[in-house]
Q: 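Once you've had a glance at the structure underneath, I'll fire off some questions.
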Amino acid sequence: MRRIGILTAGGDTPAMNATIHGAVVRANQLKVEVFGLIKGFNSLFNPRVPHVHLNPLYQEIPEIDPTKGGTMIGSSRDFVDPEKKAELDLIASRLERLGIEGLICVGGDGTLNGLQPLAERLPTVLAPKTIDNDLGLNYPNEPDEWARVKDPEAKGGFHYVHRASQAVFDLEYMVNYVTPGYATAVFVSAGGVERIRTTAESHRRIAIIEVMGRHSGYIALGSAYGRPDAILVPEHPLDLEHLVDRVKQLYDLQKNVVIVCGEGIVDNQGRELGAETKTTDPAGNIALSGAAEALRHKFIHMIGDRYFQLYRRGNSAREAIFTRKVGHTQRGGRPILFDRFYAAQLGAKAVELLLEGHNNSVATLQYDSKKGFYVDGYDANRFRDRWGYIHARHMYPAFYDPNLMKPSRIGIDYLLPIFSDAIGEDDMEYMRRTLFSQGNLAQPYHSINTDVNKRIRYLEPAVGQTDAEVGTPTDHLAQHSHGLTAQASIQDKR
Ligand code: F6P
């Protein structure tokens, strides 16, 4: 292979540029050209395929910075529809005309589903990323444990149920132990929990802090490093009575309580607390809003004003119980050392997989108690259930103790290898040197997009193709309503 493409898809993470960096460094060594495709799968739907040559003369362009969060080539949640065969053929021919012989998609479970039909047209591999840590398998035969149930209201007419595990669990058998982006998200969330604690202590309040992760409780689990009093994860239905008892006990003892909840927590009927107002993103995922707020309302109702008045710690439950979302701060900014290091290795591994002739393969980060972490390749087909669908990984339920509402012993064993050395000295030094730099006050922010825009090139029309046939990005986006307005796309490209 002389030229490959790379794209970054789905929600951004702090480690995507590190993956691009790792891929380009390895490609330089192997004398392979790398084209960065702009804004994920969106670039493939665009007849002009906006792209950037990331390594002219086999040297990285200076905009590639593994310490910078987000993705320099942009991302989107555009979705590849396997039923649109003609469109997929068009994509393949566009890539062929660009001279791209293999494709790396940096993404999560949605991206891996999306690249399945592409892998039938050109060699394609996945380099994983997601703060949710939900791309992977807790044990190799996990896909066989999914059952599907007819449900006219669900996307595709079915919903899926995960049956109880039949495997003897072992950390070393996990497929893709951890995804780049997760460690930084936990770093930010745990720090947020610590900071909120002091307000809760000072003002005798109960804080409910919501973290991301969709239906996977891995981020909530990791937030244990910030020492909340209780953690709630989507994998275990909420036991409200037990929680309220524990909250009262703690409030009596220490005059404050801090609770972390994953955004996807469910009640004992399996209903998502945060999805009371349901919306979906372009890929059809339910956008969760407000699990913490929903829980606060339940507390207000169950604990009541009188409780706080008796303690002389506030006039009302509304005043005493507050919520905060860690929000997108957990998804952005500088990646910590663990994420940078392994994201780069996974990017390099993805290049190797392509060059070794693998297709529809995933670069994975494996764990061995003697060797530590190492990268490997895994056949994407083995991530699919028997209907061909790739599910987001849930947190392995036994990592959590529902009685203590904390990580279990095995959950602690899971977290330790990731976090014991996750922060580099340079991470702290960077903050010390840069945050209060005088230039931050005097100079406007210079966005990476400004520099990358100058490097964007387009696919030339094929011989004999008229401009009308090629279309413009605007025409094209008017036809594809991937949740983007044409106006937004024009602004984005210029
Ligand atoms: O999948 C990553 C993630 O950050 C989830 O944890 C979260 O639910 C979702 O994306 C938020 O998406 P958006 O940034 O599109 O609101």
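One-based numbering, in listed order, for ligands and for the atoms of each. As the structure is a prediction and not an experimental result, all values here were calculated from the model.
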Q: Under 3.5 Å, sequence neighbours excluded: what are the donor-acceptor pairs made by side chains of residues 12-22?
A:
from  : atom 1 : to     : atom 2 : distance (Å)
Asp12 : OD1    : Arg331 : NE     : 2.8
Asp12 : OD1    : Arg331 : NH2    : 3.3
Thr13 : OG1    : Ala15  : N      : 3.0
Asn17 : OD1    : Met72  : N      : 2.8
Asn17 : ND2    : Lys68  : O      : 3.0
Asn17 : ND2    : Gly69  : O      : 3.2
Asn17 : ND2    : Gly70  : O      : 3.3
Thr19 : OG1    : Ala15  : O      : 3.2
His21 : ND1    : Glu60  : OE1    : 3.4
His21 : ND1    : Glu60  : OE2    : 2.8

Q: Which residue from Arg331, Gln330, His215, Glu263 reaches closest to atom 4 (O) of ligand 1 through any of its heavy atoms?
A: Arg331

Q: Considering the heavy atoms of His328, write down every atom of ligand 1 situated less than 4.0 Å from one of them.
A: 13 (P), 14 (O), 16 (O)

Q: Taking 4.0 Å as the limit for heavy-atom contacts, which would you say applies to Ile219 with ligand 1: side chain only, backbone only, both, or neither?
A: neither

Q: Would you say Gly213 and ligand 1 have an N/O pair spaced under 3.5 Å apart?
A: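 The answer is yes, given that Gly213 and ligand 1 share an N or O pair closer than 3.5 Å.
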
Q: Regarding Lys298 and Asp267, does a basic nitrogen lie under 4.0 Å from an acidic carboxylate oxygen?
A: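 Answer for the salt bridge query: no.
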
Q: Mind checking whether Tyr396 and Tyr414 have ring centres under 6.0 Å apart?
A: no

Q: According to salt bridge (Lys or Arg N to Asp or Glu O under 4.0 Å), does anything in residues 134-146 pair up with another residue at least two apart or in another chain? List the pairs.
A: none

Q: Any atoms of ligand 1 less than 4.0 Å from a non-hydrogen atom of Ile131? List them with their elements.
A: 4 (O)

Q: Looking at Ile6, Leu95, Val49, Val34, which hits side chain to side chain contact (heavy atoms under 4.5 Å, CB included) with Ile100?
A: Leu95

